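Heads up: the structure comes next, in structure tokens.
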Amino acid sequence: MPELPEVETIVRDIRPSLLGRRFGRVALSHDDILRGVTRRRLLQQLRGARVADVFRRAKHAVIDVGTHRLVVQPGMTGSLVVYDQPLPPDELPYAVLRAELDDGRELVYEDVRRLGTLLLLNRRGWEAYTTSLGPEPLDPAFTPEVLGSALARSRQAIKKVIMDQRYLAGVGNIYANEALFASGIDPSKPSNRLTRDDHQRLHADIRRILLAAIVSKGSTVRDYRTGTGEPGNFQFDLLVYEREGEPCVRCGTRLAGTHEIDARITVFCFRCQR
Ligand SMILES: [Zn+2]
């Protein structure tokens, strides 16, 4: 699933094309990606609506149309692109949501396996949604102390906790693996056993890695594409993710892989991560 840097990249790419534009015809090919909204209501609310803002929250792209906010959670195979030209025919079968813009362009949410979701939230729905999510790691208000007090609330493995959106927004499997390696923290260590020094390092490493990944337009390890339809480049800078069995860049030990922490792949160095 695209994580913070990937969704941030998508949002930065599509934002200039969408701001102030009005939606014309809107079409939805499948209902199975809708959550808490019917096709009828979604189309009704979007048609003719003007885009007031486009931003990211956690791993989701948010399109604010004034009375409502459309929250796009791109799945593993989802992409959100503004097309200047007619949609290429080979992409047509995957175009789930198509919204014409008043300048002739088109916003298209494509999802090959339809693993993503669309929400349409009113003001109250938005409040409930955003307060259920943890702090934004790139927000200036996010300090080592904020991270520390979130992590102190759980005895679960630290990797699980930083990926849990209620504790910290935007981090998924790729960047959890990378941040814990950078900070030299054992991914299976209970979250509440981290020290203040661990909080300092982890806070700095999470931010540094997420920011570097945004500069590189995200990591394309499977299907992720930017808001202009290009692959990202940060996959070349990942030091542990998908590198099980390769030598650790720090000490040369073979990187270990396990599915025991959270059923996802965790790659780490026995020697560098304690
Ligand atoms: Zn090592």
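Counting starts at 1 for both ligands and their atoms, in listed order. Please read all numbers here as calculations on a predicted model, not as lab measurements.
Taken from OH in Tyr83 to CD1 in Ile14, the straight-line distance is 12.0 Å, to the nearest 0.5 Å. Note that CD1 of Ile162 is 8.5 Å distant from CG of Asn177, once rounded to the nearest 0.5 Å. The CZ atom of Arg50 sits 7.5 Å away from atom CZ of Arg21, with the distance rounded to the nearest 0.5 Å.
Excluding waters, the set of protein N, O or S atoms lying under 2.8 Å from the Zn ion (ligand 1) comprises Cys248 SG, Cys251 SG, Cys269 SG, Cys272 SG.
Side chains of Tyr241 and Asn173 form a contact here, defined as non-hydrogen atoms less than 4.5 Å apart.
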Exercise. Under the ring pair (Phe, Tyr, Trp, His ring centres under 6.0 Å) criterion, do Phe268 and Phe270 qualify, and how do the steps go?
Worked result: CA-CA 6 Å; Phe268 65 104; Phe270 275 117; 5.0 Å; yes
For this session: Decide yes or no on salt bridge (charged side-chain N to carboxylate O under 4.0 Å, His left out) for Lys160 and Asp262, but give the supporting numbers first.
Result: CA-CA 6 Å; Lys160 251 176 129 163; Asp262 54 8; over 6 Å; no
